[in-house]
Amino acid sequence: MKILIPQHVRTSGKANPYLFLLMRELHKLNKITEIQHGYGWLYEPGLWDIIHLHWPEYLVKSQLTDMTRIDLLQEKHFKKVTDSIEQKKSQGAKIVLTVHNEKPHEDKGGIFDSFYDQIYDLADGFIHLGTFSEKKLHEVYPKAKEKSHFVIPHGDYNYFPSDMKRSECRQKLNIDEDQKLLLAFGAIRSKEELELGINAFNNSSVENSIFLVAGSLPHPYRSELDHYITRKKLYTNVLNKRIKVHEKVVAPEEVQIYLKATDLLFLPRLDTLNSGNIALGFTFGKVVTGPGYGVIGEILNETGNPVFDPANLESVSEGIEKGFELSEEGHGIKNKEYANHQMNWKNIAQKTVQSYKSL
């Protein structure tokens, strides 16, 4: 089979290495005779058996000089993508879409809503990271019932280095050995997500604990008013030494420092369908607490990790308290075992190829 993944995949595995790790395993399988990646290949001559889409909005945004300027998108940008996919289908390609999100995170105005419906129409099959995802797609796109669906979990993150001791990692973060560390890792996408963690942590009753936010925050530029609006809760807690923020993009070699140092990984999401941070936390043998919604809630419930209702502050605080208890009881070891077996990339690649063959 000849496979095209029309996405920019950094083969060094920098940033989120999800697609790199998937492609690396697909390369090893005899059923795959060729696998190519890159936005431009969608518009080049060539016959493909499978075109595997991820995050369709990037196919549109990649046509812009600055991919953050979605306000500059025009109908021609969307049409270029759909016309090309239609042409590839007419030449025999089957279209597979992995459903990572219900809609793009940054699309507050619904610019991509109609485009997503068009992609759903063009897709021959859908890969879901959990069963909730398939049920949700049937709600938002009833015609999905007429198409093929495959549930294949998110892969682990054993790719990241893991050769440092916990004590060494804590020293680098200036965290004492006896302190309990709650970590929110990666991108915080809104003021509400940031305040969810701060309020719930302050409301919890975990002694000798630290809440560390490590990753990017929205509106990073001090010249923007929204920068200060987003961080208002942080500023009111400026004297609270139990709350720390490392606002940056964490380099791959630094990931283990944060994950090994922590006791509990906190997902400050409101209504997000999926999160790779579950796989990340499980890979490093950590307890994870997050909202009871979507595939996030599905996996956390299935594995005995605490879930919460983000609309209920007491519920979030209880999730944090329960998470620390489970951490002390060694539940993270069970999560590590789950990652090794259920999130193994070799198995995921084999299931992915089976989905290709069935189409």
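Leu122 and Leu53 fall within the same hydrophobic cluster, defined by Ile, Leu, Val, Met, Phe, Trp and Tyr side-chain heavy atoms under 4.5 Å apart, directly or through other members. Residues Val295 and Leu280 share a hydrophobic cluster, clusters being chains of Ile/Leu/Val/Met/Phe/Trp/Tyr side chains in contact below 4.5 Å.
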- Query: Given Lys336 and Phe284, is the side-chain contact (heavy atoms from CB on, under 4.5 Å) satisfied, shown in steps?
  - Reply: CA-CA 7 Å; Lys336 176 66 174 176; Phe284 281 90; over 6 Å; no
- Message: Let's go through Tyr293 and Lys136 carefully: what are the C-alpha distance in whole Å and the side-chain angles of both, what is the deciding distance for side-chain contact (heavy atoms from CB on, under 4.5 Å) to 0.1 Å, and is it a yes or a no?
- Response: CA-CA 11 Å; Tyr293 176 81; Lys136 187 64 180 180; 3.6 Å; yes
- Task: Give the intermediate values and the outcome of side-chain contact (heavy atoms from CB on, under 4.5 Å) for residues Leu182 and Leu212.
- Result: CA-CA 6 Å; Leu182 175 69; Leu212 172 60; over 6 Å; no
- Worked verdict on Phe112 versus Tyr58 for ring pair (Phe, Tyr, Trp, His ring centres under 6.0 Å): CA-CA 11 Å; Phe112 291 97; Tyr58 283 97; 8.9 Å; no
- Message: Let's go through Tyr18 and His100 carefully: what are the C-alpha distance in whole Å and the side-chain angles of both, what is the deciding distance for side chain to side chain donor-acceptor pair (under 3.5 Å) to 0.1 Å, and is it a yes or a no?
- Response: CA-CA 11 Å; Tyr18 175 89; His100 292 280; 4.5 Å; no
- Task: For Met343 and Thr283, run side-chain contact (heavy atoms from CB on, under 4.5 Å): C-alpha distance rounded to whole Å, both residues' side-chain angles, the deciding distance at 0.1 Å, then the answer.
- Result: CA-CA 9 Å; Met343 297 176 166; Thr283 299; 5.6 Å; no
- Task: Starting from the C-alpha separation in whole Å, work towards a yes-or-no answer on salt bridge (charged side-chain N to carboxylate O under 4.0 Å, His left out) for Lys248 and Glu254.
- Result: CA-CA 11 Å; Lys248 65 176 185 177; Glu254 294 180 309; 3.2 Å; yes
- Item | Check against ring pair (Phe, Tyr, Trp, His ring centres under 6.0 Å), Phe201 and Phe266 | CA-CA 10 Å; Phe201 176 74; Phe266 174 70; 9.4 Å; no
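Between Lys89 and Asp124, at least one side-chain N (NZ, or NE/NH1/NH2) sits under 4.0 Å from a carboxylate O, which counts as a salt bridge. A salt bridge links Arg170 with Asp263: the closest approach of a Lys/Arg side-chain nitrogen to an acidic carboxylate oxygen falls below 4.0 angstrom. Using a 4.0 Å cut-off between charged side-chain N and carboxylate O, Glu318 and Lys322 make no salt bridge. Glu328 has a carboxylate O that lies under 4.0 Å from a charged side-chain N of Lys180, or vice versa, which qualifies the two as a salt bridge. Using a cutoff of 4.0 Å between basic side-chain nitrogens and carboxylate oxygens, Glu192 and Arg269 are not scored as salt-bridged. A salt bridge does not link Glu44 with Lys88: every distance from a Lys NZ or Arg NE/NH1/NH2 to an Asp or Glu carboxylate oxygen is 4.0 Å or more.
Taking both residues in full, the closest heavy atoms of Leu59 and Pro6 are given as CD2-O, 3.0 Å, listed atom of the first, atom of the second, then distance. Of all heavy-atom pairs spanning Leu217 and Arg231, the tightest one is CB-NH2, 3.4 Å. Of all non-hydrogen atoms in Leu265 and Gly281, the two that sit nearest each other are CD2-CA, 3.7 Å. The minimum heavy-atom distance between Ile198 and Phe211, with the atom names listed, is N-CE2, 3.8 Å. Closest of all the heavy-atom pairs between Phe160 and Pro252 is CD2-O, 3.7 Å.
Using a distance-only test at 3.5 Å, with no hydrogens or angles considered, a donor-acceptor pair links the side chain of Thr262 to the main chain of Leu181. In this structure a side-chain-to-backbone donor-acceptor pair under 3.5 Å is present from Glu321 to Ser205. Between the side chain of Ser84 and the backbone N or O of Leu42 there is at least one donor-acceptor pair closer than 3.5 Å. Under the 3.5 Å distance criterion, the side-chain polar atoms of Lys260 are matched with a main-chain donor or acceptor of Met164. Judged purely by atom type and a 3.5 angstrom limit, Lys147 uses its side chain to pair as donor or acceptor with the backbone of Asp121. Under the 3.5 Å distance criterion, the side-chain polar atoms of Thr303 are matched with a main-chain donor or acceptor of Ile299. Panel note: side chain Gln179, backbone Ser209; no donor-acceptor pair is recorded below 3.5 Å. Looking only at distances, a side-chain donor or acceptor of Thr289 sits under 3.5 Å from a matching main-chain atom of Pro306. The backbone N or O of Gly323 lies less than 3.5 Å from no partner atom in the side chain of Ser327, so there is not a single donor-acceptor pair. No donor-acceptor distance shorter than 3.5 angstrom exists from the side chain of Lys94 to the backbone of Ile50, with no hydrogens or angles considered.
Ring geometry, Tyr258 versus His246: the interplanar angle exceeds 60°, so the pair is classed perpendicular (tilted spans 30 to 60°). Ring geometry for His154 against Tyr157 counts as tilted: the plane angle lies between 30° and 60°, on a 0 to 90° scale. The aromatic rings of Tyr141 and Tyr120 lie tilted to each other, with the angle between the two planes from 30° to 60°.
In this structure, Leu326 CG and Lys334 NZ are separated by 9.0 Å, a value rounded to the nearest 0.5 Å. A distance of 10.0 Å separates CG in Leu4 from CD in Gln7, rounded to the nearest 0.5 Å. Atoms CD1 and CZ, from Ile257 and Arg166 in turn, are 14.5 Å apart once rounded to the nearest 0.5 Å. The CD atom of Gln350 sits 9.5 Å away from atom OG1 of Thr352, with the distance rounded to the nearest 0.5 Å. Distance check, rounded to the nearest 0.5 Å: NE2 of His149 to CD1 of Ile127 gives 12.0 Å.
The number of heavy-atom neighbours closer than 6.0 Å to CG of Leu64, taken from other residues, nucleotides and ligands shown, is above 12. Around CH2 of Trp41, the count of heavy atoms belonging to other residues, nucleotides or ligands within 6.0 Å does not exceed 12. At most 12 heavy atoms of other shown residues, nucleotides or ligands fall within 6.0 angstrom of atom CD in Glu207.
Listed by chain and residue number, Lys143 satisfy the side chain to side chain contact (heavy atoms under 4.5 Å, CB included) test with Glu146 (two or more places apart in sequence, or in another chain). With sequence neighbours excluded, no residue satisfies ring pair (Phe, Tyr, Trp, His ring centres under 6.0 Å) with His8.
Using a 3.5 Å distance cut-off with no hydrogens or angles, the side chains of Asn344 and Asp156 do not pair a donor with an acceptor. The closest side-chain donor-acceptor pair between Asn101 and Asn274, if any, does not fall under 3.5 angstrom. The closest side-chain donor-acceptor pair between Ser216 and Glu247, if any, does not fall under 3.5 angstrom. Checked by atom type, the side-chain pair Tyr116/Glu57 shows a donor-acceptor distance below 3.5 Å.
Pairs of residues two or more places apart, or lying in two chains, that qualify as side chain to side chain donor-acceptor pair (under 3.5 Å) and include a residue from residues 307-316 are Asn203-Glu314. For residues 60-79, the set of pairs meeting the side chain to side chain donor-acceptor pair (under 3.5 Å) definition, not counting sequence neighbours, comprises Lys61-Glu106, Asp66-Thr68, Arg69-Asp71, Lys79-Asp83.
Cluster partners of Tyr235, by chain and number: Tyr228. The rule joins Ile, Leu, Val, Met, Phe, Trp and Tyr whenever side-chain heavy atoms lie under 4.5 Å apart.
Not less than 6.0 angstrom separates the ring centroid of His227 from the ring centroid of Tyr221.
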Listing, residues 24-36 side-chain donor-acceptor contacts under 3.5 Å, not counting sequence neighbours, or none:
unit_1: Glu25; atom_1: OE2; unit_2: Lys28; atom_2: NZ; d: 3.0
unit_1: Thr33; atom_1: OG1; unit_2: Met1; atom_2: O; d: 3.1

